[in-house]
Amino acid sequence: MPVTELATFTLKPSVLPNDPILLNILDSASVQQSKWSGIPLLFFQDGQTRIYLLSGWQSVEAHYEWIATDENKKLMEQLTPLIENVELVHLDIDFEKSFPRDLDKLVIVRNKEATFEGETYASGKDVENSASDVYYHFAKDGEGSSRIVLPSGSPTLLSRSD
């Protein structure tokens, strides 16, 4: 079952979202993970403290195969000194069908309601935590996190290529 990966990275206080070292690591992650999965990554910053990674996978298992690779482990080793925390959820949303690749703002609404009054790209729940009663709604309007432009300007990240 296709899923959407939502990873939330909380940066250390001394690290800013526009830090060149951080951007180069995210750029490398984008290239390597996209090559592995065939699906682009989108990165967004929420103020000065959080980075969101949004991408898709054919299944949760496929994502865990990537996580176990040497490439991913090396990326995480590079990223670890810059972050305080990582939260990961796999949502029952087909990323490829739900999110435009040129999405420039990410608005996440978490609540206990399966429906959302505003217009959304998608809504879903964490497929690995069935006890959770939190729904993630990706709204089209509202205050949100802005897109991070990576150094390579990779077309898979910055514009719809299809």
Side-chain angles (χ1 to χ4, degrees), residues 1-11 17-18 21-46 50-80 82-83 85-110 116 119-130 132 134-142 144-162:
M1 167 179 89
V3 295
T4 291
E5 168 191 3
L6 175 62
T8 306
F9 300 95
T10 302
L11 300 177
N18 63 351
I21 294 170
L22 173 66
L23 292 177
N24 284 327
I25 295 167
L26 297 179
D27 199 26
S28 183
S30 176
V31 170
Q32 291 180 47
Q33 183 174 317
S34 294
K35 188 184 292 186
W36 178 272
S37 70
I39 300 172
L41 281 72
L42 306 176
F43 291 98
F44 299 87
Q45 77 178 58
D46 184 5
R50 280 192 204 92
I51 302 270
Y52 296 107
L53 177 160
L54 189 67
S55 190
W57 291 92
Q58 292 306 314
S59 66
V60 172
E61 294 77 19
H63 187 205
Y64 283 123
E65 288 176 19
W66 161 251
I67 289 173
T69 66
D70 290 340
E71 295 96 331
N72 184 65
K73 289 177 184 175
K74 182 178 178 185
L75 290 165
M76 289 307 296
E77 281 177 17
Q78 295 170 352
L79 194 56
T80 297
L82 306 176
I83 59 174
N85 186 39
V86 179
E87 295 175 28
L88 173 66
V89 292
H90 293 105
L91 303 168
D92 58 354
I93 299 169
D94 187 335
F95 175 84
E96 294 261 84
K97 293 180 180 176
S98 300
F99 296 98
R101 292 183 185 170
D102 59 355
L103 185 67
D104 64 353
K105 181 173 67 169
L106 186 67
V107 181
I108 303 171
V109 178
R110 295 176 181 94
F116 181 73
E119 190 176 357
T120 64
Y121 291 106
S123 295
K125 287 187 75 168
D126 184 349
V127 298
E128 294 181 288
N129 186 359
S130 59
S132 172
V134 175
Y135 287 84
Y136 291 76
H137 304 282
F138 296 89
K140 291 189 176 182
D141 294 311
S145 304
S146 55
R147 181 75 169 267
I148 296 175
V149 178
L150 297 176
S152 71
S154 170
T156 59
L157 287 174
L158 302 178
S159 64
R160 183 180 288 277
S161 60
D162 47 29

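Below, all heavy atoms of this structure are taken into account, side chains as well, without hydrogens, waters or symmetry copies.
- Glu96 approaches Pro40 most closely through the heavy-atom pair OE1-CD, 4.1 Å.
- In this structure, OH in Tyr136 is found 10.5 Å from NZ in Lys125, a value given to the nearest 0.5 Å.
- With rounding to the nearest 0.5 Å, the separation of CG in Leu103 from CZ in Phe44 is 4.0 Å.
- Shown here are the side chain to side chain donor-acceptor pair (under 3.5 Å) partners of Asp126, two or more places apart in sequence or in another chain: there are none.
- One finds the CG atom of Leu22 at 7.0 Å from the CD1 atom of Ile148 (value rounded to the nearest 0.5 Å).
- Remark: Lys74 NZ is loosely packed, at most 12 non-hydrogen atoms of other residues, nucleotides or ligands lying under 6.0 Å away.
- Across all their heavy atoms, Val127 and Leu91 have their closest contact at CG1-C, 4.1 Å.
- Take Lys105 and apply the salt bridge (charged side-chain N to carboxylate O under 4.0 Å, His left out) test, not counting sequence neighbours, and it matches no residue.
- More than 12 heavy-atom neighbours from other residues, nucleotides or ligands sit within 6.0 angstrom of CD1 on Ile67.
- Within the 4.5 Å cutoff, the side chain of Leu42 has no heavy atoms near those of the Leu106 side chain.
- Within a 6.0 Å radius of CG in Asp70, no more than 12 heavy atoms belonging to other residues, nucleotides or ligands are found.
- Expressed to the nearest 0.5 Å, how far CG of Leu53 lies from CD of Gln33 amounts to 6.0 Å.
- Looking only at distances, no side-chain donor or acceptor of Ser28 sits under 3.5 Å from a matching main-chain atom of Asn24.
- To the nearest 0.5 Å, atoms CG (Asp104) and OG (Ser145) are separated by 11.5 Å.
- Panel note: side chain Ser59, backbone Pro2; no donor-acceptor pair is recorded below 3.5 Å.
- Panel note: side chain Ser30, backbone Leu26; no donor-acceptor pair is recorded below 3.5 Å.
- Between Leu11 and Pro17, the closest heavy-atom pair is CD1-N, 3.8 Å.
- For His137 against Thr120, the heavy-atom pair with the smallest separation is CB-CG2, 4.4 Å.
- A distance of 12.5 Å separates CD in Glu65 from CG in Asn72, rounded to the nearest 0.5 Å.
- For His63, the ring pair (Phe, Tyr, Trp, His ring centres under 6.0 Å) partners at least two apart in sequence or on another chain are Trp57, His90.
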**Prompt:** Does the pair Glu71 and Trp66 meet the rule for a side-chain contact (heavy atoms from CB on, under 4.5 Å), with working shown?
**Reply:** CA-CA 8 Å; Glu71 295 96 331; Trp66 161 251; 3.9 Å; yes
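- Checking side-chain atoms of Thr4 against main-chain N and O of Ile93 turns up a donor-acceptor pair under 3.5 Å.
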**Message:** Quick one, Leu79 with Val86, criterion side-chain contact (heavy atoms from CB on, under 4.5 Å). Give me CA distance, side-chain angles, the key distance, then yes/no.
**Reply:** CA-CA 10 Å; Leu79 194 56; Val86 179; 5.8 Å; no
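- Residues Phe43 and Leu23 fail the side-chain proximity criterion, which asks for heavy atoms closer than 4.5 Å.
- By the ring pair (Phe, Tyr, Trp, His ring centres under 6.0 Å) test, Phe138 pairs with Phe99, sequence neighbours left out.
- Listed by chain and residue number, Asp46 satisfy the side chain to side chain donor-acceptor pair (under 3.5 Å) test with Tyr52 (two or more places apart in sequence, or in another chain).
- Remark: Gln58 pairs with no residue by the side chain to side chain donor-acceptor pair (under 3.5 Å) rule, at least two apart or across chains.
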